[in-house]
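Here's the structure, in structure tokens; my notes come after.
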Amino acid sequence: MNLFDTINKRRSIRRFTEETVPEDVMNKALEMAVLAPNSSNTQTWDFYWVQSGDKKAKLVEACLSQAAARTAAELLVVVAAPKSWQRSQKRLIEWVKSSNAPKPVVMYYEKLIPAMYRWGIFNILGFVRFLIFNLVGLFRPIMRRPATRRDVQEIAIKSAALAAENFVLAMTAQGYATCMMEGFDECRVKRLLKLKCHDRVVMVIGVGKESDKGTWGPRYRLPLSEVVHKV
Ligand SMILES: Cc1cc2nc3c(=O)[nH]c(=O)nc-3n(C[C@H](O)[C@H](O)[C@H](O)COP(=O)(O)O)c2cc1C
């Protein structure tokens, strides 16, 4: 299946059959997920493949028992972990140094990333950055984000969402169906997975084989002429 066929074939499937998903199929899709582009290659994401029966039942409940979760053979929770740039920083510095990257790139990872991604106690650093950026921005173009904790979370969410898309396309390419879900109680999911308070649950993805009641009908999209603006 080429990329165009895969994108066309992927639909949000709300009901799955009882067929299981082989572990290597999931592993392959996870390998593809982490190849997604991500902000500064900090890889501020985590993937929770919920396998325990007890946790799965609780997750389904947290997903409001919607059919896409209830009938899924596997459930994957995609999490944005805005502080986990610290997990990769040392290795990224080693990586850029060993790739003979220009000095500014090394500086970027050593100095700029910590300066931009820390929000400080009670978001104080973030608020100071917000004020400085917007003051300077009055006089010249400046990158105004990330300033606050919310901005750093947003960056992590974007990267995690791209990984989620890679994952579902890779499942589609292997003949399995998926449904991305944001219809869940985030507090309950976070508690279940023991996530940190600044982590964000980006998506719960149901995976399985499509049942004959998988979709409500054909795909619908607004015409390109309404959403593409050639300016
Ligand atoms: C961020 C996001 C959240 C979604 N949440 C849900 C959800 O909670 N339940 C559900 O059944 N579908 C959910 N969907 C699937 C969308 O409804 C679906 O992508 C949209 O209707 C377009 O249909 P298609 O995916 O078949 O092309 C979600 C999709 C995205 C991207």
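In what follows, residues are counted from 1 in the order of the sequence shown. All ligand and atom numbering here is 1-based and tracks the order in the structure.
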Exercise for the section: Starting from the C-alpha separation in whole Å, work towards a yes-or-no answer on salt bridge (charged side-chain N to carboxylate O under 4.0 Å, His left out) for K196 and D46. Expected result: CA-CA 12 Å; K196 305 207 174 67; D46 285 295; over 6 Å; no
Exercise for the section: Please step through side chain to side chain contact (heavy atoms under 4.5 Å, CB included) for the pair L30 and F167, ending with a clear verdict. Expected result: CA-CA 6 Å; L30 285 164; F167 176 83; 4.1 Å; yes
Practice task
For R200 and E186, run salt bridge (charged side-chain N to carboxylate O under 4.0 Å, His left out): C-alpha distance rounded to whole Å, both residues' side-chain angles, the deciding distance at 0.1 Å, then the answer.
Solution key: CA-CA 8 Å; R200 294 299 310 272; E186 190 176 8; 3.0 Å; yes
Exercise for the section: Go through the steps for R10 and R219 under the test side chain to side chain contact (heavy atoms under 4.5 Å, CB included), then give the verdict. Expected result: CA-CA 10 Å; R10 186 214 59 80; R219 169 181 264 152; 3.2 Å; yes
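Using a 4.0 Å cut-off between heavy atoms, C179 contacts ligand 1 through its side chain alone, with no backbone atom that close. Contacts between R221 and ligand 1, counted as non-hydrogen atom pairs separated by less than 4.0 Å, involve the side chain only.
Residue, atom and distance of the protein heavy atom nearest to atom 3 (C) of ligand 1 are E182 CG, 3.2 Å. Q66 OE1, 2.8 Å is the protein heavy atom nearest to atom 9 (N) of ligand 1. Scanning all protein heavy atoms for the shortest distance to atom 18 (C) of ligand 1 gives S12 OG, 3.3 Å.
The option with the heavy atom closest to atom 21 (O) of ligand 1, from among R219, R14, E165, R10, is R14. Counting heavy atoms only, M203 comes closest to atom 1 (C) of ligand 1 of the residues M203, M180, M181.
Here K28 does not pair with D24 in a salt bridge; the nearest charged N to carboxylate O distance is not below 4.0 Å. K97 has a carboxylate O that lies under 4.0 Å from a charged side-chain N of E110, or vice versa, which qualifies the two as a salt bridge.
Heavy-atom contacts of R11 reach the following atoms of ligand 1: 24 (P), 26 (O), 27 (O) (cutoff under 4.0 Å). Applying the 4.0 Å criterion to heavy atoms of G183 picks out, from ligand 1, the atoms 8 (O).
Ring orientation note: the planes of F130 and F127 are close to parallel, at an angle under 30° on the 30°/60° scale.
Protein heavy atoms come within 4.0 Å of atom 15 (C) of ligand 1.
Heavy-atom neighbours of R144 CZ from other residues, nucleotides or ligands within 6.0 Å: above the threshold of 12.
Residue A68 has no nitrogen or oxygen atom sitting less than 3.5 Å from a nitrogen or oxygen atom of ligand 1, judged on distance alone.
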